[in-house]
Amino acid sequence: MLPIDAAAHSSRWRRRHPVDKAVLGLGLTVLAVSLPPWPGAALVLVTALVVLLGPAGVPRQRLWRAYRVPLGFCVTGAITLLVQVGGPGGFVSLAHDGPVRAGELLLRTSAASLGVLLFAFTTPMSDLLPRLVRAGIPAPVVDVALVTYRMSFLLLDSVRRVRDAQAARLGHTSRAAAWRSLGGLGATAFVRAFDRAARLQAGLAGRGYDGTLRVLLPEAPRLRPLHGRQLRAPRGAGRPHLRTGKAADMSEPALVALRGASFAYEDGPAVLSGLDFDIREGRALALLGRNGSGKTTLMRLLSGGLRPNEGRLTVGGQPVTYDRKGLTRLRTTVQLVVQDPDDQLFAASVEQDVSFGPLNLGLPDGEVRARVAEALAALDITALADRPTHLLSYGQRKRTAIAGAVAMRPRVLILDEPTAGLDPDGQERLLTTLDGLRDAGTTVVMATHDVDLALRWADDAALLTPSGVRTGPAPVALARTDLLREAGLRLPWGAAVTDLLRAQGLLTGSAPGPRTADELAALATERLGASGR
């Protein structure tokens, strides 16, 4: 069924109402069973084939791959009518009217199967499942179906990667070895399903999940964005992502702050102790530290995913309460995008997943669609709105996860390793997108291990060290070798080049040093031009 559902997303009839397609498919199926086999069922079979290959636009090879499975059952059932057990002909003999009855059954069932396939090939699960609630199906049943649909793709992909790893180590050199691995694969999928479900629930909670998976229905027309603060589409790529920022005004209260915060996981040592941490509006902040330093824990504390054992979290100077009202207020201000996008994506299509958060805010459908359109445009994925999430590339899934957070219109967007797993071009495109969000007024916080990226992108840098967090302007904080050593980080390329240029007298005074290879090339060209070479 999964390949059929994937094909349904590109069907020419996808935008037709599911009820219309259900009536047509069911009607053909009933006619195939109730009309005489000849010519009734034969005409139904031809009609279904014409519709599938013609107006519905189903490719022939894909239709055959799907049709041969039920056709095999039809043939198997028909074969049993060809023979009879016992009688004057012996223990097993050819039935007197067996060929006629087998032909009639084969004609009826094969035609009826095409009626069912007509509906399946033109109606994706993402279009059907949200409508079942309106049809009277209990919401919890539909929610389970939605999550199961998404999880099936994740688990199948996980099993495929495990099998590839086993094959690379000669684990499938024989058919017996391949069969023996099935039990282990089943156990792996079972264990990973629990882990994935727990992480998915945490990701949904950040977008206001309250026990109901609300998504937009796909057929409604797209509305133009509402007036007000608009999110800009990303600007052209190809330029270095360097930010001069504005000077931090330390007299203004922090937009989001932790005061005296301590946290330890159950039966574990303290991860953070007595932490004071500020996020100031308009300042791009890079959060750096070695593995296990507490970056992920800090981000979850800032977004309300965890509650400090001691201390408090404030938004705009007001303490956060951890009831539904307080968490809703926090999550309309702060949104966290986790490192693995599959921990956030649950819906069948991109547009439906992005709509989840705004719908949880209780907004009318018109405004939800406006927010979804803005978020998709801001992340440059408008063309992917109807695409199934399981058919997205890793970079596209990253952008979709960020769009789901952006649709909440947060004032602070926290990203956990957003460039991890992306190729250089994907990193540059994502940074361009983040620049557009920052220009639109969103304060962006990025956790990363890439000190070169932090130097060229961030206004401020926060280094998590065993002795506490150290925050300051990025060019200053990332040039201190003592802090970097304590945080388990190396000196950024730009800072090392700046030190060398100053030692050679090529940079004087407070002139800023180059932070990228392009800046170094421009500086060299300027120096050579000044010297007349």
Side-chain angles (χ1 to χ4, degrees), residues 198-199 201-210 248-289 292-339 357 360-361 405 408-416 441-447 458-473 477 487:
R199 287 187 286 157
Q201 184 179 20
L204 294 178
R207 291 190 285 164
Y209 174 63
D210 60 359
D249 187 355
M250 304 304 291
S251 63
E252 295 183 1
L255 177 56
V256 181
L258 281 169
R259 291 290 177 262
S262 298
F263 184 84
Y265 292 98
E266 187 176 0
D267 299 327
V271 180
L272 300 171
S273 180
L275 178 72
D276 290 335
F277 190 84
D278 294 341
I279 298 177
R280 299 195 174 276
E281 193 162 17
R283 301 285 293 176
L285 176 64
L287 182 62
L288 302 104
S293 61
K295 297 190 299 298
T296 299
T297 300
L298 174 57
M299 289 184 290
R300 293 187 66 190
L301 287 171
L302 291 168
S303 62
L306 295 175
R307 183 173 183 173
N309 302 134
E310 298 178 6
R312 63 177 182 171
L313 173 67
T314 64
V315 174
Q318 299 297 317
V320 171
T321 58
Y322 289 85
D323 53 14
R324 177 170 295 184
K325 181 178 179 181
L327 289 175
T328 298
R329 172 174 170 265
L330 171 63
R331 288 164 178 163
T332 54
T333 304
V334 181
Q335 277 289 297
L336 169 65
V337 179
V338 297
Q339 182 174 347
N360 287 330
L361 296 177
M408 300 285 283
R409 289 187 181 169
R411 296 171 67 185
V412 177
L413 180 64
I414 303 176
L415 307 172
D416 188 2
T442 303
T443 299
V444 182
V445 179
M446 178 195 298
D459 299 323
D460 298 323
L463 280 68
L464 284 174
T465 70
S467 60
V469 64
R470 302 289 184 267
T471 306

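Just so it is clear, the values below take in all heavy atoms, side chains as well, and ignore hydrogens, waters and symmetry mates.
- Ionic pairing of Arg280 and Asp278 is present here: one or more N-O contacts between side-chain nitrogen and carboxylate oxygen are shorter than 4.0 angstrom.
- Looking at heavy atoms from C-beta onward, Val469 lies in side-chain contact with Leu275 at the 4.5 angstrom threshold.
- In terms of heavy-atom proximity, Leu288 sits nearest to Ala461 at CD1-CB, 4.1 Å.
- Under the 3.5 Å distance criterion, the side-chain polar atoms of Ser262 are left unmatched by any main-chain donor or acceptor of Glu310.
- Formation of a donor-acceptor pair under 3.5 Å by the Asp459 side chain with backbone atoms of Ala284 is found in this model.
- Closest non-hydrogen pair, Arg331 versus Gly304, comes out as NH2-O, 3.3 Å.
- Side-chain atoms of Asp460 never come within 3.5 Å of backbone atoms of Ala286 as a donor-acceptor pair (strictly under, hydrogens ignored).
- Among residues two or more places apart in sequence or in another chain, the ring-ring contact (aromatic ring centres under 6.0 Å, His included) test is passed with Tyr265 by Phe263.
- The main-chain N or O of Thr314 is never found under 3.5 Å from a side-chain atom of Gln318 such that the two would form a donor-acceptor pair.
- A donor-acceptor pair under 3.5 Å is formed between the side chain of Arg329 and the backbone N or O of Val315.
- Minimum heavy-atom separation, Phe277 to Ile279: CE2-CG1, 3.9 Å.
- At a threshold of 4.5 Å between non-hydrogen side-chain atoms, the residues Leu272 and Leu298 count as touching.
- Here the closest non-hydrogen pair linking Ala257 and Ala254 is CB-CB, 4.1 Å.
- Nearest approach of Thr443 to Gly282, heavy atoms of both residues: OG1-N, 2.8 Å.
- If you take CE on Met299 and CG on Asp416, they are separated by 3.5 Å, rounding to the nearest 0.5 Å.
- Of all heavy-atom pairs between Leu285 and Thr471, the closest is CD1-CG2, 4.5 Å.
- Atom NZ of Lys295 is separated from atom CG of Leu464 by 7.0 Å, given to the nearest 0.5 angstrom.
- Atom OG1 of residue Thr321 and atom CZ of residue Arg312 lie 13.0 Å apart, to the nearest 0.5 angstrom.
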